[in-house]
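To find a chain, count down the sequence lines: A is the first, B the second, and so on, and within it residues start at 1.
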Amino acid sequence: NAGVMQNPRHLVRRRGQEARLRCSPMKGHSHVYWYRQLPEEGLKFMVYLQKENIIDESGMPKERFSAEFPKEGPSILRIQQVVRGDSAAYFCASSITGTGQSAGELFFGEGSRLTVL
Amino acid sequence: SQQGEEDPQALSIQEGENATMNCSYKTSINNLQWYRQNSGRGLVHLILIRSNEREKHSGRLRVTLDTSKKSSSLLITASRAADTASYFCATDAWGGAQKLVFGQGTRLTINP
């Protein structure tokens, strides 16, 4: 049973370029979360998605950042016109909990480390 | 902010000793979870304690929850070098959107 798969593991971009991070949740999981982690800090919630729906994007910057979780294929976190401050580790997690229930255990990927030059 | 705050930020102990980490939060919760992160890796779930539970055990881990004080503690007994990692608490706000909010973490170092 494959875990949460993220790619690329490492990504280097120059300022102004676009970064696309992909996440395939665990089999049977329909809930996906994206978190950002700066060095030596905790994880900051960005967005929570279910298939084809954004449930909570309260942690997403209003500009340049977008996320999707299409009916088919992985979830994508897209960062347009990257700046140096976007350099961080971006973690995806998935869960199996359903609507109306509390958040259960999250299964994390190994993260995508973005470096903006 | 609902964010959990871990205390201490860093802890260094000798192998075999017990390690205790604390977490405080601000709002009512459905549950509280503890995760471990090894350097450069993703987070791994350790234990979940529901708001109506006061204590939970899993192997060498013991978690307590005091909802009146909005705090939790994680105890690792008989620590091993392999326990060296960062430990995070995460809370799921009651009535919230099922998202987990993480604290800043405690960096635990076990010295051989």
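- Leu114(A) and Tyr35(A) fall into different hydrophobic clusters, where Ile, Leu, Val, Met, Phe, Trp and Tyr are joined by side-chain heavy atoms under 4.5 Å apart, directly or via other members.
- Annotation: Arg15(A), atom CZ; neighbour count of heavy atoms from other residues, nucleotides and ligands within 6.0 Å does not exceed 12.
- Using a 4.5 Å cut-off between heavy atoms, Gln9(B) does not touch chain A at all.
- The minimum heavy-atom distance between Phe91(A) and Gln37(B), with the atom names listed, is CZ-NE2, 3.5 Å.
- The environment of CD in Glu63(A) is sparse: at most 12 heavy-atom neighbours from other residues, nucleotides or ligands sit within 6.0 Å.
- With a 4.5 angstrom heavy-atom cutoff, Phe107(A) does not touch chain B via any of its atoms.
- Within the model, atoms CZ of Phe108(A) and NE2 of His45(B) stand 10.0 Å from one another, a figure rounded to the nearest 0.5 Å.
- Residues Tyr35(B) and Leu106(A) form a side-chain contact, since some pair of their non-hydrogen atoms from C-beta on lies under 4.5 Å apart.
- To the nearest 0.5 Å, atom CD of residue Glu105(A) and atom CD1 of residue Ile47(B) are 11.0 Å apart.
- The local environment of CZ in Arg9(A) is crowded, with over 12 non-hydrogen atoms from other residues, nucleotides or ligands closer than 6.0 Å.
- Other residues, nucleotides and ligands contribute only 12 or fewer heavy atoms inside 6.0 Å of the CD atom of Gln81(A).
- Contacts between Gln37(A) and chain B at a heavy-atom distance below 4.5 Å involve the side chain alone, from C-beta outward.
- Within a 6.0 Å radius of CZ in Arg113(A), more than 12 heavy atoms belonging to other residues, nucleotides or ligands are found.
- Distance alone, capped at 3.5 Å, places no donor-acceptor pair between the Gln104(B) side chain and the Glu41(A) backbone.
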